[in-house]
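Remarks on the structure that follows.
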Protein chains: 2
Amino acid sequence: MDTGLPNAAGVSRYAQLAQELRQRIVGGEWAAGAAIPAETELAERFGVALGTVRQAVAMLAAEGIVQRVHGKGTFVTQGLSGPSLLRFFRFRGPTDEPPTARVHRCQTVRLRAAEALALGQQTGDAALRVKRVRLLAGRPVLAEDLLLPLARFEALRALPTREWEDLLYPMLARLCGVTVARANDELSFGHLDAATAALLDLPEGAPAIRVDRQAFDLGGHCIELRTTWGDATAFHYSAEMR
Amino acid sequence: MDTGLPNAAGVSRYAQLAQELRQRIVGGEWAAGAAIPAETELAERFGVALGTVRQAVAMLAAEGIVQRVHGKGTFVTQGLSGPSLLRFFRFRGPTDEPPTARVHRCQTVRLRAAEALALGQQTGDAALRVKRVRLLAGRPVLAEDLLLPLARFEALRALPTREWEDLLYPMLARLCGVTVARANDELSFGHLDAATAALLDLPEGAPAIRVDRQAFDLGGHCIELRTTWGDATAFHYSAEMR
DNA sequence: GAGTGGTCTAGACCACATC
DNA sequence: ATGTGGTCTAGACCACTCA
């Protein structure tokens with residue numbers, strides 16, 4: 001790996017190493033939750049100084065695809081757990097209770113152009129469209145519409161709606177080997193249509209916050225499009241500016 | 001500074017150095033916008049290695065109180081400029097136009113307990129309460145209610161409402177020597193009261209997004225409480241999860 | 001005690017900005 | 001040419017975890 005050159009194509013050595021590690025993690029050489037080799041070993045194996053390895057690993061840690069634990073090792077992230085959309089809302093009740101989910105419908109559909117583009121698929125490719133409701137203490141609080149490309153999630157097609165787990169992402173990891181490392185949420189405001197309002201026990205036209213999510217796997221590919229609706233009066237979010 | 005000990009009180013050397021630099025910046029030894037000494041000089045002056053200085057400066061950069069520019073130097077942040085609340089909304093029109101502001105009222109009030117606590121003042125201390133409207137292309141889009149402790153902003157008391165600048169934070173920096181380095185925004189949903197609706201050319205009770213802001217100076221002290229209202233149908237925000 | 005990540009050093013060289 | 005921050009090295013030692 002030592003080329004003698006300052007760095008290839010203007011990319012720093014640690015960035016190259018980070019990319020190398022990233023690919024191995026995505027490729028499954030080190031599984032989700034498992035430890036990657038110790039820094040000293042990586043340094044030796046790739047022929048770079050310890051500091052360079054540390055800088056590369058720091059990049060991956062900042063990207064969230066790896067987590068360092070002092071004294072134990074560096075681990076491939078387990079991925080997002082799932083109840084994360086609730087962070088946009090403040091619902092009453094025993095807050096420590098985990099949310100449950102009820103799948104209402106799961107059908108196979110063809111991707112439209114915009115959806116295919118976002119998911120890195122071709123227009124007309126097959127996908128699963130899932131309608132589900134998230135409940136807190138048995139009370140419906142969020143209505144969700146998921147879109148999952150069938151190419152990655154064939155295993156879910158035959159799954160009866162009752163057997164879907166409460167948390168989607170751990171299920172995706174277990175059944176389909178897909179780890180969700182990152183998600184981007186776009187918030188906006190709207191009013192509930194009759195069907196969604198009925199699901200949430202709210203009047204038609206009630207003010208609601210809409211969250212459009214794109215979820216990404218370890219390789220940075222978008223593997224889910226999701227739209228979530230929740231009561232606007234329960235909306236609450238904290239953002240930091242600097 | 002070299003104590004020979006591993007580090008004092010379990011705090012790393014670079015963290016100590018960062019704290020030292022932080023205090024000098026807050027204390028005004030290096031003014032906002034000015035460069036702090038070069039890393040090599042800091043290393044020499046504080047008797048630490050270059051890498052340690054770099055780690056300390058990296059902390060300050062991550063905190064946003066300093067900005068590094070390759071080849072030029074490291075500069076104390078100029079602070080937030082101001083039109084930042086518009087990032088929560090998507091308003092139509094020529095987007096590159098800067099927002100303007102119109103101050104409707106500015107009065108001296110006594111702080112209530114909760115406000116004083118947040119601002120680090122005593123209950124009953126004097127403060128300025130300012131009502132203003134932000135306009136885009138001459139159209140009112142945001143209604144704001146500012147609360148500024150008089151202890152820090154005596155200079156604003158005598159300022160006629162017409163002479164308030166469009167951007168608050170640069171004005172605070174110029175007239176009062178206060179740099180706003182960071183702000184925390186809490187978003188929630190509500191309906192406009194009659195007075196606010198009138199200011200925004202919206203019907204009373206119109207759905208609105210409310211932003212409660214705390215702004216902090218370089219020393220991390222809260223120096224402003226602000227509540228902003230904007231049309232919910234123009235609301236839009238993007239959040240990243242990892 | 002062995003292995004891991006975290007801190008620190010002293011120095012070399014590279015890349016960018018400015019004069 | 002000079003000065004700045006950015007990269008990289010080779011090695012030492014510290015702090016944490018676990019068998």
Side-chain angles (χ1 to χ4, degrees), chain A residues 1-21 25 30-31 33-78, chain B residues 1-21 25 30-31 33-78:
Chain A
M1 185 138 186
D2 190 341
T3 61
L5 299 171
N7 48 42
V11 180
S12 62
R13 195 93 148 228
Y14 71 80
Q16 290 179 53
L17 177 52
Q19 179 57 20
E20 179 69 30
L21 297 175
I25 290 170
W30 303 305
I36 72 175
E39 301 181 341
T40 49
E41 192 193 325
L42 289 175
E44 193 176 350
R45 194 191 296 187
F46 289 96
V48 298
L50 231 182
T52 305
V53 171
R54 286 188 59 73
Q55 216 163 340
V57 174
M59 271 188 94
L60 301 185
E63 289 169 27
I65 80 176
V66 119
Q67 287 171 301
R68 308 168 105 154
V69 183
H70 191 172
K72 297 183 72 173
T74 300
F75 301 84
V76 178
T77 185
Q78 292 277 19
Chain B
M1 183 135 185
D2 191 341
T3 60
L5 298 173
N7 49 43
V11 181
S12 61
R13 196 91 148 234
Y14 72 80
Q16 290 178 53
L17 177 53
Q19 179 55 21
E20 178 69 33
L21 296 175
I25 290 170
W30 303 305
I36 71 174
E39 300 181 341
T40 49
E41 192 193 326
L42 290 175
E44 194 176 350
R45 196 192 294 187
F46 290 97
V48 299
L50 232 182
T52 306
V53 171
R54 286 188 59 73
Q55 217 164 341
V57 174
M59 272 188 91
L60 302 185
E63 288 168 28
I65 81 177
V66 118
Q67 288 170 302
R68 308 168 104 155
V69 183
H70 191 172
K72 296 181 73 171
T74 300
F75 301 85
V76 177
T77 186
Q78 291 276 18

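In what follows, chains carry the letters A, B, and so on, assigned in the order in which the sequence lines appear, proteins first and then strands, with residues in each chain numbered from 1.
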Val53(A) or Thr40(B): which one's nearest nucleotide on DNA chain D is closer to the 5' end?
-> Thr40(B)

State which residues pass side chain to side chain donor-acceptor pair (under 3.5 Å) with Glu20(B); sequence neighbours excluded, sorted by chain then number.
-> Arg24(B)

Could you list the residues that satisfy side-chain contact (heavy atoms from CB on, under 4.5 Å) with Thr52(A), not counting sequence neighbours?
-> Arg13(A), Tyr14(A), Val48(A), Ala49(A)

Please tell me if the side chains of Thr40(B) and Leu50(B) come closer than 4.5 Å, counting only heavy atoms from C-beta onward.
-> yes

Quick one: is Thr52(A) getting a side-chain N or O under 4.0 Å of the dT9(D) phosphate, OP1 or OP2?
-> yes

Side-chain (Gln16(A)) to main-chain (Val11(A)) donor-acceptor, under 3.5 angstrom = yes

Give a yes/no answer on whether the side chain of Arg13(B) brings an N or O atom under 4.0 Å of OP1 or OP2 in dT9(C).
-> yes

Taking C-beta and beyond as the side chain, do Leu21(B) and Leu42(B) meet within less than 4.5 Å on heavy atoms?
-> yes

Ignoring backbone atoms, establish whether Arg68(B) has a side-chain N or O less than 4.0 Å from OP1 or OP2 of dG6(D).
-> yes

Sequence neighbours excluded - salt bridge (Lys or Arg N to Asp or Glu O under 4.0 Å) pairs with any residue from residues 53-63 of chain B | Arg22(B)-Glu63(B), Glu39(B)-Arg54(B)

Nucleotide dC14(D), atom C1' - distance to CG of Leu50(A) in whole Å = 14 Å

Arg54(B) vs dG5(D): side-chain N/O to OP1/OP2 distance below 4.0 Å = no

Phe75(B) CZ to dT18(C) C1', straight-line distance once rounded to whole Å = 12 Å

In whole angstrom, give the distance that lies between atom CD of Gln67(B) and atom C1' of dG5(D).
-> 14 Å

Residues from residues 57-65 of chain B sitting under 4.0 Å of DNA chain D, heavy atoms only?
-> none

Can you tell me the distance, in whole Å, between the CG atom of Leu42(B) and the P atom of dG3(D)?
-> 16 Å

With sequence neighbours excluded, tell me which residues meet side chain to side chain donor-acceptor pair (under 3.5 Å) with Glu41(B).
-> Arg45(B)

Just to confirm, is there a sub-4.0 Å distance from OP1 or OP2 of dT7(C) to any side-chain nitrogen or oxygen of Tyr14(B)?
-> yes

Polar-atom pairs under 3.5 Å, protein N or O versus N or O of nucleotides 17-19 of chain D: list them with distances, or write none.
from    : atom 1 : to       : atom 2 : distance (Å)
dC18(D) : OP1    : Lys72(A) : NZ     : 3.0

Give the rounded distance in Å between these two atoms: CD1 of Ile36(A) and P of dG3(C).
-> 18 Å

How many Å lie between CD on Glu44(B) and C1' on dG3(D), as a whole number?
-> 15 Å

Any idea which of dT4(C), dT9(C), dA10(D) is nearest the Ala49(B) side chain?
-> dT9(C)

Residue set satisfying salt bridge (Lys or Arg N to Asp or Glu O under 4.0 Å) with Glu44(B), at least two apart, ordered chain then number -> none

Residue pair Trp30(B) / Val66(B), side-chain heavy-atom distance below 4.5 Å = no

